[in-house]
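Read through the structure below, which is laid out as structure tokens, and then see the notes.
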Amino acid sequence: MARRCSIGSAEPARSAGQSSTKAKTLRLPISGDRNSDLGASGHRLDFSPPAMSDGERGELSHGSNQERRVDSRVAQRIRELIVEGILPPGKRVAEAAIAERLGVSRTPVRNALPALASEGLLEPAGKRGYAVRNFTVEDSYRATEIRCVLEGYAARELASREDRGTIVEELRDTLAQGDAIFAKGHVVKNDENAYADMNMRFHDLIVSGAQDPLLGDLIHRVYSVPFVAPNVVAFNRIPLDEIYPILLSGHYQHHAIVDAIDGGQPDVAESLMRGHSSPARRSLGLEGGTPGEANL
């Protein structure tokens with residue numbers, strides 16, 4: 001088992017009003033001196049992303065319009081079917097069968113599949129179809145460890161910046177959104193999408209706020225491993241009364257991380273962010289066991 005990162009904790013700080021601003025994912029090319037990508041052995045290191053199929057290129061060209069049409073509720077239900085093993089690894093995703101199971105038309109199912117593929121849960125199968133990607137709990141666990149290290153560095157970079165004030169204000173807005181979710185003392189199924197959006201925005205703000213294109217690219221590559229991206233949650237995997245304290249603990253960490261960034265404390269911000277992956281692993285059953293099967 002991979003080593004756990006240290007876990008920080010703190011009481012929540014004051015938060016500001018809400019905002020609907022959403023951070024954009026960084027997908028920037030790597031450039032520089034021709035010799036800058038040579039390893040110690042003298043061999044050239046390949047940082048280029050894997051080649052895309054014609055179908056994937058088509059999806060990319062229409063990505064922005066497609067994302068606007070994605071029904072997050074449908075995407076979440078399909079994600080849960082994968083988490084629960086109802087859609088096993090390698091199984092081709094049949095739009096008609098899933099639409100019937102969820103009680104929706106085929107269109108929202110079709111629109112959700114590329115989004116789930118971008119999370120690493122699905123992979124292209126045939127000309128236009130998708131199948132559930134093969135992966136293990138260990139894959140997700142190790143990738144989450146890597147994620148916490150990289151995001152910790154992003155938090156350090158952001159806390160060191162003199163112009164961090166605007167990002168801090170947006171982070172405070174995000175904290176207020178989380179405070180509203182947890183204010184009632186419990187969570188309900190309908191909180192799932194709101195929590196996922198809030199959590200993704202929090203992490204994206206820190207990553208983009210570091211203003212390091214290479215770091216942002218590496219982090220978002222790690223997000224493509226199943227169940228590693230901050231917006232992947234599955235409330236039905238754990239009873240709601242048990243998942244509430246797990247998510248609340250993570251939100252306390254959000255407050256402490258923002259306080260450290262706001263106070264210009266790079267070491268503290270990095271330490272807290274590196275330990276922040278534990279609530280994510282626990283909420284998906286990646287600690288102390290497996291979420292359903294040993295091979296999801």
Side-chain angles (χ1 to χ4, degrees), residues 5-28 118-119 143-179 181-182 194-225 227-233 247-281 283:
C5 297
S6 59
I7 301 174
S9 61
E11 292 301 317
R14 295 182 182 177
S15 55
Q18 296 185 4
S19 168
S20 59
T21 303
K22 291 188 176 180
K24 295 182 179 179
T25 298
L26 293 174
R27 286 291 184 185
L28 301 179
S118 71
E119 294 178 9
T144 304
E145 293 286 303
I146 296 171
R147 165 191 148 186
C148 78
V149 171
L150 294 174
E151 288 185 336
Y153 187 77
R156 164 180 282 278
E157 291 288 286
L158 177 55
S160 300
R161 296 188 64 87
E162 295 294 332
D163 59 352
R164 63 186 179 276
T166 300
I167 295 294
V168 169
E169 289 180 5
E170 294 188 63
L171 286 168
R172 296 283 184 199
D173 290 342
T174 305
L175 292 179
Q177 295 172 16
D179 292 342
I181 294 173
F182 295 110
Y195 177 84
D197 291 343
M198 177 276 296
N199 199 45
M200 189 73 233
R201 182 179 177 232
F202 178 87
H203 287 261
D204 266 350
L205 282 170
I206 290 178
V207 173
S208 63
Q211 298 189 31
D212 185 329
L214 175 57
L215 178 63
D217 185 67
L218 292 173
I219 290 173
H220 285 94
R221 291 189 194 189
V222 174
Y223 285 173
S224 69
V225 177
F227 306 110
V228 173
N231 64 334
V232 177
V233 293
L247 299 180
L248 182 61
S249 173
H251 190 58
Y252 283 169
Q253 291 180 5
H254 281 186
H255 276 276
I257 291 165
V258 174
D259 286 343
I261 292 172
D262 191 10
Q265 299 175 290
D267 291 342
V268 177
E270 179 176 20
S271 178
L272 290 171
M273 199 70 184
R274 288 179 64 140
H276 183 57
S277 62
S278 180
R281 294 195 299 262
S283 66

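In this structure, Tyr153 places its OH atom where only 12 or fewer heavy-atom neighbours from other residues, nucleotides or ligands lie under 6.0 Å away.
How far CG of Leu158 is from CZ of Arg164: 7.5 Å, rounded to the nearest 0.5 Å. Once rounded to the nearest 0.5 Å, the distance linking NE2 of His276 with OG of Ser271 reads 13.0 Å. Going from atom CZ of Arg172 over to atom NE2 of His254 covers 13.0 Å, rounded to the nearest 0.5 Å. Put simply, CD on Glu151 and OH on Tyr223 are 3.5 Å apart, with the number rounded to the nearest 0.5 Å. If you take CD on Glu270 and CD1 on Ile261, they are separated by 11.5 Å, rounding to the nearest 0.5 Å. In this structure, CD on Glu157 lies 8.0 Å from CZ on Arg161, to the nearest 0.5 angstrom.
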* Asked: Step by step, would you call Arg147 with Ile219 a side chain to side chain contact (heavy atoms under 4.5 Å, CB included)?
  -> CA-CA 6 Å; Arg147 165 191 148 186; Ile219 290 173; 5.5 Å; no
* Apply the test salt bridge (Lys or Arg N to Asp or Glu O under 4.0 Å) to residues Asp217 and Arg221: give CA-CA distance (whole Å), side-chain angles for both, the deciding distance (0.1 Å), then the verdict. => CA-CA 6 Å; Asp217 185 67; Arg221 291 189 194 189; 2.8 Å; yes
* Please test Gln265 against Asp259 for side chain to side chain contact (heavy atoms under 4.5 Å, CB included), starting from the C-alpha separation and ending with a verdict. => CA-CA 9 Å; Gln265 299 175 290; Asp259 286 343; over 6 Å; no
* side chain to side chain contact (heavy atoms under 4.5 Å, CB included) between Ile206 and Ile257: does it pass, once the steps are laid out? -> CA-CA 10 Å; Ile206 290 178; Ile257 291 165; 4.0 Å; yes
* What's the verdict on side chain to side chain contact (heavy atoms under 4.5 Å, CB included) for Leu205 and Asp173, showing C-alpha distance, side-chain angles and the deciding distance? -> CA-CA 11 Å; Leu205 282 170; Asp173 290 342; over 6 Å; no
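Residues Asp197 and Arg201 fail the side-chain proximity criterion, which asks for heavy atoms closer than 4.5 Å.
Pairing each heavy atom of Leu150 with each of Leu215, the nearest pair is O-CD1, 3.9 Å. Here the shortest heavy-atom pairing between Val207 and Ala154 reads CA-CB, 4.2 Å. Nearest heavy-atom pair, Ser160 versus Pro266, reported as atom, atom and distance to 0.1 Å: OG-CG, 3.3 Å. Contact record, Pro230 with Asn199: O-ND2, 2.8 Å, taken as the closest heavy-atom pair. Minimum interatomic distance between Ala159 and Ala269 (heavy atoms only, all atoms of both residues): CB-CB, 4.2 Å. Minimum interatomic distance between Phe202 and Leu175 (heavy atoms only, all atoms of both residues): CE1-CD2, 4.2 Å.
Side-chain contact check for His203 and Asn231: no donor-acceptor pair (N or O, by modelled atom type) lies under 3.5 Å. Judged by distance alone, the side chains of Asp204 and His220 do bring a donor and an acceptor atom under 3.5 Å apart.
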